[in-house]
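For reference, positions follow the sequence shown, starting with 1. Values reported hereafter were calculated over all heavy atoms of this structure, with side chains retained and with hydrogens, waters and symmetry mates removed.
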Amino acid sequence: MTTSVPKSDSLPVYERRDIPADQQHLLTMTELKSQRLKPAPGQEPVAFVRVYRRGHGWGNFPLYDPAAAAKMRPLSAKQQAAKTARRTCPKCGSVRDHIVYGRCGPCQVQEQEERQALQARTCWKCRRVSLAPFRRGQEEQDRCTPCWVLWQLQKQFEAERLAVWRRTCPGRDCNAVTATDDEIAAVRADPANRVGWVPRWCPPCAERDARERAEQQRAREESQRQAEEHRRRRVAELVDWAQTLVDDPTVVVLDSETTGLEEDARIVDLAVYSMGGDVLLDTLIDPGMPIPAESTDIHGITNQMTTGAPSFTDVLPRLTEVLEGRRCLIYNKSFDVGRLRHELTVHHQQAGVSDPAAAAAAWISRQHFEDVMLPYSEWFGDWSDFWGNYAWQPLYGGDHRALSDCRAVVDLLKGMARQVHAEAV
């Protein structure tokens, strides 16, 4: 039978500390259970108390009169043993009136006091445990006697070393005394002196130091002059290299757009443009695979645009013809040649060649590919301390289509030949 509990608005609600004296004997349901009592059938609460209980939070809990409560059934021997076991401290064996988790309160206090006593007898330096506690609060007393003696000797040695340093010339291998302790003390005591004491140089060491500093400065200036001269010569060489390419109408520029940057990325756009302004090859290529959206966002080539376009196998004869015997320039040669190598390997695999990789390498070896990105980056002169070299420069002027990027490479070389933005330091 369950006891009907009225709402708290029909009975008084007390804070624990505000319960009247004549109702101090009232108990909550939990307190009744601790005395092996329970509300009798039909027993109503007398009041409510507002408390916080773990698992329940803040709430109004009913108070019952224990005199009217009914007794609960006695615990069996097994239940009583389990209850006693939960309330027994595993360290001291005493039975508490509450469940013991780990250690009882007195045992926890005792363990804390033992740890503090051990810490008070332990040298913080060598961790040796003494029979008597050290005097805490004083650094010199937080150590054992051997450590304290060693510490005092170290302090004395450091003070002597510092005193010798202050009155001795700082020159290399020089032991000349350049100041007295009284002079040093007077300078350090001067309130206007914000620097402190700086050791004085003896005349021979001061002269030698000035001479060495002058020699080091001359060496730095000479090194800087040589670096500038080397940079000027190198820029001039790169300008001549660019001018030679611009003046040769047989030189061609190759560029490609691909499905991505992976090792197995396929070519979707290929162009070859001559330095004389002739378009020798400009075609979309069906890669035989879907073009990822992130690649389309860069070059604008979609799957619909390449549908019906020739394959790389169809374009290969024309590509071989326009590159035959010509110097071929590529901006970032390693990437484009890598894509050509992969396309050639796939082509020879489909043709049934026994060693397609070797056949692709043989075709690549017959061409005269030259990189433009590395010479241009060196000419541009943006030095990177992180890489220890000149930072690679992006190709400006193109729109990430093969023919447009070829024209951008030609414009770039013409700018180098005219020394536009050259850093001839």
Side-chain angles (χ1 to χ4, degrees), residues 223-258 267 269-283 298-300 318-340 364-425:
S223 177
Q224 180 68 18
R225 187 194 64 78
Q226 292 178 1
E228 293 173 356
E229 180 62 26
H230 173 77
R231 172 66 181 161
R232 278 192 291 268
R233 288 198 302 269
R234 183 56 181 159
V235 168
E237 293 174 359
L238 293 172
V239 169
D240 292 341
W241 171 79
Q243 187 65 59
T244 301
L245 296 175
V246 170
D247 293 340
D248 188 352
T250 64
V251 174
V252 297
V253 181
L254 179 146
D255 190 79
S256 65
E257 301 297 331
T258 64
I267 296 176
D269 189 15
L270 185 63
V272 178
Y273 183 74
S274 74
M275 194 64 68
D278 298 325
V279 179
L280 305 180
L281 178 65
D282 179 24
T283 179
I298 296 175
H299 49 56
R318 177 58 180 168
L319 177 64
T320 304
E321 178 185 352
V322 298
L323 296 182
E324 183 68 28
R326 295 174 180 262
R327 296 176 67 180
C328 181
L329 307 178
I330 303 177
Y331 202 85
N332 194 1
K333 166 186 167 183
S334 62
F335 177 77
D336 289 86
V337 171
R339 298 308 93 235
L340 289 173
I364 296 292
S365 65
R366 291 194 297 270
Q367 312 309 321
H368 307 281
F369 295 127
E370 296 182 33
D371 197 356
V372 177
M373 183 180 68
L374 297 181
Y376 174 71
S377 299
E378 185 179 0
W379 170 85
F380 193 86
D382 183 12
W383 181 262
S384 171
D385 290 331
F386 180 81
W387 296 109
N389 206 336
Y390 293 103
W392 293 353
Q393 300 300 312
L395 177 61
Y396 295 108
D399 58 0
H400 293 290
R401 289 297 301 269
L403 182 58
S404 176
D405 287 354
C406 288
R407 291 193 174 106
V409 172
V410 173
D411 294 340
L412 178 148
L413 291 170
K414 290 179 179 179
M416 288 181 64
R418 294 193 303 267
Q419 295 213 47
V420 178
H421 302 305
E423 294 188 3
V425 294

### Query
Are any of the side-chain heavy atoms of Val322 and Val252 separated by less than 4.5 Å?
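No - every pair of side-chain heavy atoms lies 4.5 Å or more apart.
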Spell out, as yes or no, whether a donor-acceptor pair under 3.5 Å connects the side chain of [X] to the backbone of [Y].
X: Ser377; Y: Tyr390; result: no
X: Asp248; Y: Thr250; result: yes
X: Asp382; Y: Ala391; result: no
X: Asp269; Y: Ala402; result: yes

### Task
Applying side-chain contact (heavy atoms from CB on, under 4.5 Å), run through Phe335 and Thr258 and close with a yes or a no.
CA-CA 10 Å; Phe335 177 77; Thr258 64; 3.6 Å; yes
### Task
Begin from the C-alpha positions of Arg233 and Glu229 and carry the test salt bridge (Lys or Arg N to Asp or Glu O under 4.0 Å) through to its verdict.
CA-CA 6 Å; Arg233 288 198 302 269; Glu229 180 62 26; 3.7 Å; yes
With rounding to the nearest 0.5 Å, note down the distance linking [atom1] in [X] to [atom2] in [Y].
X: His400; Y: Leu395; atom1: NE2; atom2: CG; answer: 8.5 Å
X: Leu403; Y: Leu280; atom1: CG; atom2: CG; answer: 10.0 Å
X: Trp383; Y: Glu378; atom1: CH2; atom2: CD; answer: 9.5 Å
X: Glu324; Y: Gln367; atom1: CD; atom2: CD; answer: 7.0 Å
X: Ile330; Y: Asp336; atom1: CD1; atom2: CG; answer: 5.5 Å
X: Lys333; Y: Leu340; atom1: NZ; atom2: CG; answer: 11.5 Å

### Message
Taking the basic N atoms (NZ, or NE/NH1/NH2) and the acidic carboxylate oxygens, is any pair closer than 4.0 Å for Arg225 and Glu228?
### Response
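No salt bridge links Arg225 with Glu228.
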### Query
Hey, are Glu321 and Arg318 close enough for a salt bridge, meaning a charged N less than 4.0 Å from a carboxylate O?
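Yes, charged N to carboxylate O under 4.0 Å.
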Quick check: closest heavy atoms across [X] and [Y], and the distance to 0.1 Å?
X: Ile267; Y: Ser256; value: CG2-CB, 4.1 Å
X: Arg231; Y: Phe380; value: NH2-C, 3.9 Å
X: His299; Y: Arg401; value: O-CD, 3.4 Å
X: Met275; Y: Val246; value: CG-O, 3.6 Å
X: Trp379; Y: Val235; value: CD1-CG1, 4.0 Å
X: Ala408; Y: Gly398; value: CB-N, 3.7 Å

#### Entry: Qualifying residue, where the test is side chain to side chain contact (heavy atoms under 4.5 Å, CB included) with Tyr273 and the options are Val279, Asp405, Asp255
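With Tyr273 as partner, side chain to side chain contact (heavy atoms under 4.5 Å, CB included) holds for just one option, Val279.
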### Message
For Tyr331, run the side chain to side chain contact (heavy atoms under 4.5 Å, CB included) check against Val253, Leu412, Leu254, Asp371 and tell me which one passes.
### Response
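The option that passes is Leu412.
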### From CA spacing to verdict: side-chain contact (heavy atoms from CB on, under 4.5 Å), Met416, Leu413
CA-CA 5 Å; Met416 288 181 64; Leu413 291 170; 4.3 Å; yes
### Message
Applying side-chain contact (heavy atoms from CB on, under 4.5 Å) to Leu238 and Tyr376, what does each step give before you reach the verdict?
### Response
CA-CA 8 Å; Leu238 293 172; Tyr376 174 71; over 6 Å; no
### Query
More than 12 foreign heavy atoms under 6.0 Å from CD of Gln226: is that the case here?
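Buried by this count: over 12 neighbours within 6.0 Å.
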